[in-house]
Structure formats: structure tokens, C-alpha cells
Undergrad: 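I'd like to ask some things about the structure below.
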Amino acid sequence: RPLVERLREHLTASPTLVVLDNCEHVIDGAAALVEALLAGSRTTIVATSREGLGVAGEQIYPVRSLSLPATTDLSAVQAAESVRVFVDRAQLALPDFEVGADNAAPIVEICRRLDGIALAIELAAARVTMLPLAHIATRLDDRFRLLTGGSRAMPRHQTLHAAMQWSYELLAPAEQHMLRQMAVFADGWTLQAAVDVAQTTDEYEALALLTALHDKSLLTVDRDVSAGRPRYRMLETVRQYALERLNACGEGEAARGRHVAHFIAMAEEAEPQVRGRDQDLWMGRFKQEHENLVAAMTWCCEGGLDPQAGLRLAAATGYYWGWNSVELGDRLTRAVLAHDRAAPATAAREGTLRSLARMSEFRGRYDEALDFAQQALAIARQGGSPRGVAWSLNSVGSAMGTLGRIEPALRAKEEALGLARHAGDGVLLFTLLNNIATHQHRAGRLDAAERCYREALELARQHVGRVGNVVLLDNLIRLLVARGELEQARQFAIECLPLARHEKVSVDLLEAAVGLASRLGDHAVAARFWGAADRQLLAWGYRHEPGELEHLTPLLAASRRALGDAAFAAAEASGRAMTFDQAMFELEQWLQRAA
């Protein structure tokens, strides 16, 4: 009789547990065997596999990667599964190896970058006899050459590369193609992105292939309900292998080109919306795709792609970079502009120059900001839209203002304001009125400034998102402090608090509160807020805008005189020592007490 029949007959005699290990390379045979053994018996089967068997009644128990440290606390590091495996394997080579304060950081980095994969961590730990931990961590960009060795009893596990190749070769050709194509995504992707890059017939074909890769444990799904749509991602080790296969197949350049095209379309859809009422939604999309945007802009500077692609992406992402990772955005945008050596007068180049003008202002490079803005205006006047001319005039005026050229700045803004009123563009009108008011304030024309701010405030409530509202309210607080209307300034600061989050505008609010505290006579509070705001602003790559310094300098001087140099310096130092979250919490508490 057939062996399976005899085996099943044997298993019916008593309840039995059968373990089938590593079924993935014989999945069809394993599934048939399981079905046969289960028929009419009291057998329970545990099967390990990179994918489910697809048998009726099967219960899937995903085996997660080893846990990573939840915090940087040494006890949390020592308790993490990934670290414990690293230490266990390292001690086989160095018996006195331990985790301590001096080596915890590189061990955590190694475990994180290896995604908690046990085999990879074991192979990395085996290198401790030859390399310092920090050197192991820095070499993980080439992990498949670094992580060799292992058990002679399992040849396919002697290298991490062999283990990945084992999984890859079990895939159907269409699944291999999808895995390779998805390697171009730097930090996950959406279903539509998969369709665009892999060029599937439709989203249903893409979904079927992604499902197959997920079922074979080669990608994961982020089911963040707040994001509105699922995202798919690979562990970095899987991605590096898939990227190697992509380039070996000669598909890399074409796949990167489709990746860039997808994110140009996404950014150009978002750009008109990112200043408006749905700002947080669209800014959230940019933040979600941050690493993909970095990758796409980098590829645009490496040849093979039309330079206009990089300019379009830079122009559409400029507002995002201005408020998020301004140093990185500035560097990427400059590289894209330098790559466009033909310098055609296109709308994409105009938008890129405007983006660079704004980021240069934020970075304290005021002469460069004016140069970029004037180049943008020249392109806009050659045949651009009135809206483009108005935005470029706004950039020129802002750059002039940072250089202290207030009257020419106002003339540029007033010309732009006329164009904006004619176009009926609420966001542009708000921006210009806010900026004109700021220049009027610096010129000492406080009544004119307040009229513009009040008109801008009405527009902000109708047309502008959270960031724009905070910017305007911060400016109003400074104006009201200058006029001595301190209670109204405090009320605006309280209104700002729930809108100001962990970003530059929240530092601006903290900075505006410095002047308010000084005028209210809370000089130690003013010094503490100044220390916290100054430290955080510089840490994020920004510089104080000249108009804000003009407002604060005499107020800080008054607080210093009131406290004395030593007490002021001590209070400022205590502010610098606070985390930003602590500073914002203290601001909230102080505003309530100041009533």
C-alpha cells in the first residue's frame, strides 16, 4: 500500500502532533500530505514555511522578527530579543563580550538595520573578532558581502545572500519581476505606486502579485487607518537583495525613471493644495513619501533622466522642504538646479528658483535668496502666468526685506497684490497681505500693518491651512506686543497653541512669546523661552529672520538689564537644556498663568 496511506492509518491510533519544517520549496507536496494525514485522524500538524499551505482549516501564526529595543535605556537594550541573540553569538567568539553604555548604540544600530532578522544578526555578531562594532554598522550597506559564514550543516544559510536567493528562486517569474521593481521604493509604497512602477495591467494584477509576495513573507503591510490607504514595504535586507537583482537584470534605470515620474505626478497634484485648507492632509502625504522624494530627487541628478524632471519635482516639493528638513531640501534642490545646465526658461525652473529663494531666506543666505528670486521673476515676466509673476514678485520682496530694503520690498509686494486681487487667489492674497504687514511693522507703520494683518486673518480662516494661520498669528502677537496690547497678544498665543506642532512654526510661536514675557515683566521666562527657541531653530537648520531679531533684540536687552547678566545667562542656559516638548508644555502653562 502507498506509504501515505499506511502512515495515516498509523496516526489514527492516538492523538499525534506532526511537525513539518521548511515546507516552502515543496509547498504543493506538503499541502497534499497534510490533507491526506488530516483525513479521518486526530492528528495536529505544525508546519513552518515562508507561505501558507492553503489547506482547509489552516491557522496562520506569523513569526515576527526579533524584537528591537523600545527605548535607548540600557536595560531596554539588554532585554530586546535581537540584542540578546547578538550577544549570545558574539560571546561564542569573545566570551567576555557584554552590552554596556559604551557599545549599546552601535549594537542597536546593527540590530535595527538588520530588521531583527535572526540569521543576519548571528552573522553580524560573528564579525566582532575582526571589526569594531561601529565598523560593522557602517558596512551594512553592503551586507551581503559582509555577512558570510555560518553553520556548515546548512549550506544555504552560510551567507545571508544564499538565504535570500533561496527565497527568490521559489517565486514565479511574475512575482520575481514585481519584487525587483518594488526595490526602487525607499520607504514603502501605495498600490497605485506599484501599478505605475511595475507597469501591471491594472491595480488588481498588482494586488494579486503583492499578495503573493506578502504570503511568502517578502513584504509587509502597514494598515494605518488614519493614512486612508495601506502601504507596502520590504525589510531593508530583502530590498537590498531585490535591488541587486533589479540592476543585474538591466531594469534599474527604467524602474527608477518610472519611480520619478510617479512622484512628480503625486507632488504636482499636492502642490496647489499644500498651502490650502486641507494642508495637513497633503503635507502628510509629502511626509509619508519623504524618503521616496529624497531618492527621486537624487536620481534626477545622476544622469539618464530629463533635467526638467528634477526641476518639476523640486518646484512641486519646495513648500514642503521649506517647513520640513530645510537643510536637506536646500541641498537636493541646489543639486537639481545645477544639473539643469541648459537653463531653459521653463515654469519648472521658475518654481525651483522660487523654492530656493525661500529656503535660502530660512537658512540666512539673504543675498543668494534675492538672486534666486530675481532669476525666477525674469523667467515669469518672459511669458509666465500673472499668478507666477505675483509669486515671484513676492519672493523678490521677501528677499529684499531680509536685506533691510523695506521700501523696494513693499513696492514689489504691492505690484504682486494687484495681480492677486485681479486673479481672486485667496492663498496668494493672504500671503502677500501677511508679508506686506510684516514690512509695514518693520518700517514703524503699525496702524497700516495691523490693517493688513486683520484682512489677512479673514482670508486665512477661509483659504489657508494650519501653518499659514500660525505664521499670521505669530506675526500679530509681535505687533500687539509692540503696541502694548498684551492681553490680546496672549489670547492669540493661546489660539496658536493647538495649531503649533513639532515644526518650525511652533518655534516661531515660542519666539513670539519671548517678547510677550519680557513686556509682562517675566524676564526669567523670556530668557528661558529664548534659549529653547534659539537652540531648536538652529538644530533644525533655520536662522532667525532679521525682522524677528529687530523686534526681540531690545526686549531681550531689557530682560537682561532687569535680571543681570549672570541670572539672564543662567535662565537662557536652562531653556537650552529643555527638550522642545518640555518648552512647549512650559509655554502652555505660562500662558494660562499669565492671565
Side-chain angles (χ1 to χ4, degrees), residues 1-67 81-82 85 115-122 150-180 182 204-223 230 232-235 237-238 241-242 245:
R1 289 183 299 154
L3 177 61
V4 172
E5 184 179 327
R6 289 155 51 205
L7 179 59
R8 184 180 61 206
E9 182 178 298
H10 173 75
L11 293 176
T12 58
S14 61
T16 309
L17 173 67
V18 175
V19 179
L20 303 176
D21 194 24
N22 283 21
C23 297
E24 59 269 8
H25 60 301
V26 288
I27 197 77
D28 292 335
L33 175 63
V34 167
E35 288 183 323
L37 295 183
L38 291 177
S41 74
R42 292 179 288 168
T43 301
T44 298
I45 296 176
V46 174
T48 70
S49 178
R50 294 177 190 267
E51 61 178 306
L53 302 183
V55 174
E58 179 180 32
Q59 172 66 60
I60 302 293
Y61 290 94
V63 180
R64 57 178 174 76
S65 297
L66 301 173
S67 66
E81 294 168 350
S82 56
V85 167
D115 308 303
I117 298 174
L119 172 63
I121 290 170
E122 289 182 25
S151 172
R152 289 186 176 86
M154 299 180 67
R156 70 182 178 87
H157 281 174
Q158 286 184 17
T159 69
L160 186 62
H161 190 275
M164 285 305 311
Q165 185 171 337
W166 166 270
S167 294
Y168 179 77
E169 289 175 351
L170 294 174
L171 300 177
E175 295 166 357
Q176 292 179 345
H177 178 266
M178 176 62 82
L179 186 74
R180 294 195 302 269
M182 297 304 95
Y204 296 103
E205 181 187 0
L207 184 60
L209 290 169
L210 291 174
T211 300
L213 294 177
H214 173 267
D215 290 347
K216 292 175 173 64
S217 307
L218 289 169
L219 62 83
T220 59
V221 184
D222 291 344
R223 298 177 179 84
Y232 311 94
R233 66 181 71 248
M234 299 177 194
L235 298 180
T237 298
V238 177
Y241 178 81
R245 302 302 306 167

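Index from 1, following the sequence.
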Undergrad: Measuring from atom CZ of Arg8 to atom OG1 of Thr43, what distance do you get when rounded to the nearest 0.5 angstrom?
TA: 10.0 Å

Undergrad: Do you know which two heavy atoms are closest between Arg1 and Arg6, and how far apart they sit?
TA: O-CD, 3.3 Å

Undergrad: Kindly indicate, with the supporting measurements, whether the criterion side chain to side chain contact (heavy atoms under 4.5 Å, CB included) is fulfilled by Arg42 and Thr16.
TA: CA-CA 7 Å; Arg42 292 179 288 168; Thr16 309; over 6 Å; no

Undergrad: With heavy-atom distances below 4.5 Å as the criterion, would you say the side chains of Leu7 and Glu5 are in contact?
TA: no

Undergrad: Taking all non-hydrogen atoms of both residues, which atom of Leu218 and which atom of Met164 are closest, and how far apart?
TA: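 Shortest heavy-atom contact: CD2-CE, 4.4 Å.
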
Undergrad: Are more than 12 heavy atoms, taken from residues, nucleotides or ligands other than His10, located less than 6.0 Å from that residue's NE2 atom?
TA: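 Not buried by this count: 12 neighbours or fewer within 6.0 Å.
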
Undergrad: OG/Ser65 to CG/Asp115 distance, rounded to the nearest 0.5 angstrom?
TA: 6.5 Å

Undergrad: To the nearest 0.5 Å, tell me how far Leu213 CG sits from Met178 CE.
TA: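 Separation between the atoms: 7.0 Å.
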
Undergrad: Side-chain contact test, heavy atoms from C-beta onward, threshold under 4.5 Å: evaluate it for His177 versus Leu209 and give yes or no.
TA: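 Side-chain contact under 4.5 Å: no.
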
Undergrad: For the backbone of Ser67 and the side chain of Glu81, can you confirm whether one donor and one acceptor N or O come within less than 3.5 Å of each other?
TA: yes

Undergrad: Quick check: closest heavy atoms across Glu35 and Val55, and the distance to 0.1 Å?
TA: CG-CG1, 3.6 Å

Undergrad: Got a second to check how far Leu170's CG is from His25's NE2, nearest 0.5 Å?
TA: 8.0 Å

Undergrad: Please confirm whether the backbone N or O of Arg50 pairs with a side-chain atom of Ser217, one donor and one acceptor, at under 3.5 Å?
TA: yes

Undergrad: Does Ser49 use its side chain to pair, donor to acceptor, with the backbone of Asn22 at less than 3.5 Å?
TA: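 No; zero donor-acceptor contacts below 3.5 Å.
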
Undergrad: Output all residues satisfying side chain to side chain donor-acceptor pair (under 3.5 Å) with Gln59, sequence neighbours left out; order by chain, then residue number.
TA: none

Undergrad: Rounded to the nearest 0.5 Å, what's the gap from CG on Leu53 to CD1 on Ile60? Could you check?
TA: 7.0 Å

Undergrad: So which heavy atom on Ala36 is nearest to which on Val4, and how close?
TA: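 Closest approach of Ala36 to Val4: CB-CG1, 3.6 Å.
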
Undergrad: Once the angle between the rings of Tyr241 and His161 is folded into 0 to 90°, is it parallel (under 30°), tilted (30 to 60°) or perpendicular (over 60°)?
TA: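 Ring orientation, 0 to 90° scale: perpendicular.
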
Undergrad: Locate the shortest heavy-atom distance separating Leu179 from Met234; write the atom from each residue and the value.
TA: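 Closest approach of Leu179 to Met234, heavy atoms only: O-CE, 3.2 Å.
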
Undergrad: Any heavy-atom pair between the side chains of Tyr232 and His214 that's under 4.5 Å?
TA: no

Undergrad: Output the distance between atom CD (Glu175) and atom OH (Tyr168), rounded to the nearest 0.5 Å.
TA: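 The OH atom of Tyr168 is 11.0 Å from CD of Glu175, to the nearest 0.5 Å.
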
Undergrad: Is the shortest side-chain heavy-atom distance between Leu219 and Leu210 below 4.5 Å?
TA: yes

